[in-house]
Amino acid sequence: MFVEVIIPLALPKNYTWSVPPHLLDAVQPGVRVEVVLGRNKKYAGIVKRVLPSKPESFQPKDILNVLDPEPLLYTSQLQLWEWVADYYMCSEGEVMQAAVPANLKLSSESVLIWNEAAGYAPSDLSDAEYLVTEALELKKELRLSEVQQLLDAAVVYPVIKKLIEKNICYVWEELKQKYKVKTETYISLAAAYRNEDQLADLLNNWSRAPKQMELLLAYLHLVKTAGEVTKAELLKKSGASDAQLKGLLEKNILVAEKRAIDRISPLPRNIAIDFTLSPAQEKALAAIRETLEHKQVTLLHGVTASGKTQIYIKLIEEQIMQGKQVLYLLPEIALTAQTIRRLQKHFGGYIAIYHSKFNPNERVEIWNKVKSGDIKVVLGARSALFLPFRELGMIITDEEHDASYKQQEPAPRYHARDTAIYYASLFGAKVLLGSATPSVESYFNCMQDKYGLVTLAERFGDAGLPAIELIDIKKYPAKPKPVFTPPLIDAIQASLDAKKQVIIFQNRRGYAPYQVCDTCGWIPQCRDCDVTLTYHKTRNQLVCHYCGTIYPVIQTCLACGNHHFTQKNFGTEQVEELLGETFPEARTARMDYDSVKGKHDHDALIKLFEQQRIDLLVGTQMVVKGLDFEHVNLVCIVDADGILNFTDFRVNERAFQLMEQVSGRAGRKDDEGKVLIQVSNLQHPVLQFVKDHRYAELFEFELHNRKAFDYPPYTRLIRLVFKHREKHIAEEAAHIMAQGLKTHFGKYLSGPAQPVVDRIRNQYLWEILLKLPKDSRFIHQCKKEIHQQTVIIQSNKRYRAVVIQPDADPV
DNA sequence: AGCACGCCGACT
DNA sequence: GTCGGCGTGCTC
C-alpha cells in the first residue's frame, strides 16, 4: 500500500511513501506519519490519501512510523488545504505550515552525541572546538541550540563539522514531540475511609500528629464546598506544609493523583443572553435569517454602534442550540480583551479564543477541543479558519472590509473572508459578513444578487449619527500650514471643559513625512524604495515607511551640500507635541505603530483611555479599530487632504472607510457626537458622501468610475512599481503590463474572475521578462514569485520591482 | 526547507 | 592550481 503525504515544506507536489505491512492497519487519511525525505531529514507529514497501486516513475521509501492513533483532522480540512493551495498558488505543505500549530508539526532537532570510544588531543583543537568538546564530555549530548549559546553563532557549523570529522561526536537525528499535557495533583480520601463509620473511627482514635489532623479536617471541609480538591488549593487554604500532607499520604489516609488539566480556564458551559434586541435589530435579524434561507452569504451593513455584535450573539445561540459550531472571525487588532470579555459573558465555556500569538500548547488544546466538538464557538483571527471543525454551522466575518484578513507574507497568501466562504460551503454552512463600511467587492456581490444584503442604518439606543462638519483650511494662513485651525481648537477646548474625550486622527506616523533642502529642493528618499524618508523626533532618525530601513538624520544635502532643510507636513508625533503646547493642562497620549510596540502596550493604552485617564488621544488608523469609547464626543481629522488628495480614484473607497470608521468613534452614548474634518478641497466627492454617511451612493460612484476606466469593481488595489537603472526599460515594462491589464479586465468584469486574472498576469509578466535584460537572478526570482498570488520581484538593492497586489476574489 | 552539485572569482 | 561563495535543482 502507498500513501500521499503532505510535508510542511514548499514542495512542488505531494510525495508518495510506501507502507510496510506492520503499519497497514494504522494508516488512514489525516494521521501523521514519520517519513524520511532526502538524505536523512525526518518530517512528520499528514496522509492525504491512501493509494492502492505502486507509482511507476520512482521507487518509494517506506514510512517509518504512524504517529497518531486517529486522524488529526477531518477530510473537510484536507479539502480546504487543497483548495487554498490551488487558489492562492502555493503548495499544500505551505498551507499545512499555516494551519497546524507548531507543536503538532514535529520538529527534527539535531543532537550531538559524545563519542565515548574516540580519544582526542587538546593540542589538535582550536579554542572553539575545545570548548564544545569539553561541554560534550561533561553532558554526553548537546543540542545544536545549546552549542549556539556556547559559541559565536557564525562559527557553529564549521566547528561542528570539524568535530565530526575528528570523530569526537556524531549527530543524532530524532523526532521529538514537544506538546506536553499540563497536569495538576488532586487530593482525595483513600478508598478505605470513604464511608462515614470508618472515617469517624479514624478521627476518634487519632493519636499524635495533631498538625496532620488539622490538615485532614481542612481537607474534609474543603471537599464539602468545592467538590474536588487540588494539592495547591489545599495547601494554600489550610496553610499547611508539604510535610504534613506527606505524612497523611504515607499513612494512606489521603491519596494524590495527577490529572491532566486544561490550560483554558474552565468557565461554566451555559448561555446567558441578558439583553433584548431593539426593533431595528430584530428586523435585521429576521432579514438575515430570511436571506440565508436561499443564499449562502449575507452581508450585514450596519453603521458603527448599531449593535451588530448583539445580532451575532443571537445567531450564535441558535447554532449552539442546534449542536452546530460557529467560527467568529475578527481582524487580529480587534481581538482585544474587551471583545473577548463581551463574548465570554454570554457563552462562557463554549467559547475559545484563537490567534497566532497564542502559546503553542494552548493552540493544540483548542485544536483538539474543536475537533471533538467540545468547543462550540471560536473567536479568532484568520488563522482560526484552519481549525478542524466538526459540524460547522456558521462563519461570521466581522469587519469584513479589513485588509488584514489578507495574508501577505508568507505563503499561503489567502484572504480569510473568501476562504471562509469556501470552507463554509464544505459544511453547507452559512456565512455572515459584517461591516460598517463594506468592501466594494462584497457590495458588488450583493448588487449581483450573489450575496444577501441587510442594512442596519440606525445606531443602538438613542445615539444618533455624529454631525460631520468640514473646516475650510484655505480660510486660514497658508504658511505655515496650520495643524489646528481656530474652530478646531475651540471645539477641543469645549470638549475638555465638558470633561469629554477627543480623538485626533492623523494618518501619518512620525514627526515630519518629508523634508526639503532649502537651497535646491532635494528630498531625501529611501535607497531602495520610491518613498520619502519620514523624520522621527523621538528616535531622532529618518525612517522609510515602506521597507522600514532606518537612516541617520541627514545634515548635508546630497545634491548641493547645503545644511538647511525644511520639515514638510506633519505626523502624529508633531500633532501630539502641538497638542501639548496648545492644551498644556490636558492629558495627551499617542497611539500608533511606534508608540504601541507590544500587544500589551495597546491594551494598556486602551484601558487608560477607557478609564478617562487620557483626555486627548492622537493616533493613526489604529485608533479606529476595535474601540468602544463612551466618553468621546469629538473626533478630529486634522489633515483630510492627506487621505483624499490622491490622483488615483481607487483610493476613495479606502478614504471613505477610514473617515466613516473614525467618525463612528464619536458620540456613541449621547447625541452630541461631532466630527470635524480639516480639508482644503471641500468639493471632494468622497466628502459629500461621508457627510451624510451615504455608503450606497459612494459605491455607485466608485462602480461608475471603475467601469469608465475598464477597471474591475472587485479588485481593489493593483499597484505597479517598475524600477530599473535604465529608465526606458522600466517604462516599457510598465506599459506592457498596463496594456495587458486594460485589455483583459473588460472580460474580467463579466466573467468568473480569478483564474483569468492569474493567467493574464502571468502571461504579461513573462512578456516583460522577455524584454528585460537577461539577468539570471532577476529572472529566477520572477519565476518563483509568479507562482504566488502576490508578486513581489526584486533583485538585490539596485532593483527593478514589479509589485502586483491583487486583492483576493470572492468565491 | 535542507542539501549536493557545479560554476566562477580570490587566494596559498 | 585549490577554496569557497552562491545559483540551481532535487527530495517520494
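Letters go in sequence order (proteins before strands), and every chain restarts at 1.
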Notebook entry, point to check: Roughly how far, to the nearest 0.5 Å, is CE of A:Met1 from NZ of A:Lys54?
Noted result: 16.0 Å
Note to self: Rounded to the nearest 0.5 Å, what separates atom CG in A:Leu379 from atom CD1 in A:Ile353?
What the structure shows: 4.5 Å
Next item on the list: Determine the contact category for A:Val5: base if any of its heavy atoms lies under 4.0 Å from a base atom, sugar-phosphate if only primed atoms, P, OP1 or OP2 are that close, otherwise nothing.
Entry: nothing
Note to self: Any base atoms under 4.0 Å from A:Leu11, or only sugar-phosphate, or nothing? Heavy atoms, all strands.
What the structure shows: base
Given atom [atom1] of [X] and atom [atom2] of [N], what is their separation to the nearest angstrom?
| X | N | atom1 | atom2 | value |
| --- | --- | --- | --- | --- |
| A:Met1 | C:dC12 | CE | C1' | 16 Å |
| A:Met96 | B:dA1 | CE | P | 15 Å |
| A:Tyr15 | C:dG9 | OH | P | 14 Å |
| A:Ile7 | B:dA1 | CD1 | P | 14 Å |
| A:Gln59 | C:dT11 | CD | C1' | 15 Å |
| A:Phe58 | C:dT11 | CZ | P | 10 Å |

Check: So, for A:Tyr15 and A:Tyr43, is the gap between ring centers shorter than 6.0 Å?
Finding: no
Next item on the list: Could you go through the side-chain hydrogen bond (donor to acceptor under 3.5 Å, both in side chains) check for A:Gln79 and A:Tyr423 one step at a time?
Entry: CA-CA 9 Å; A:Gln79 264 177 281; A:Tyr423 194 31; over 6 Å; no
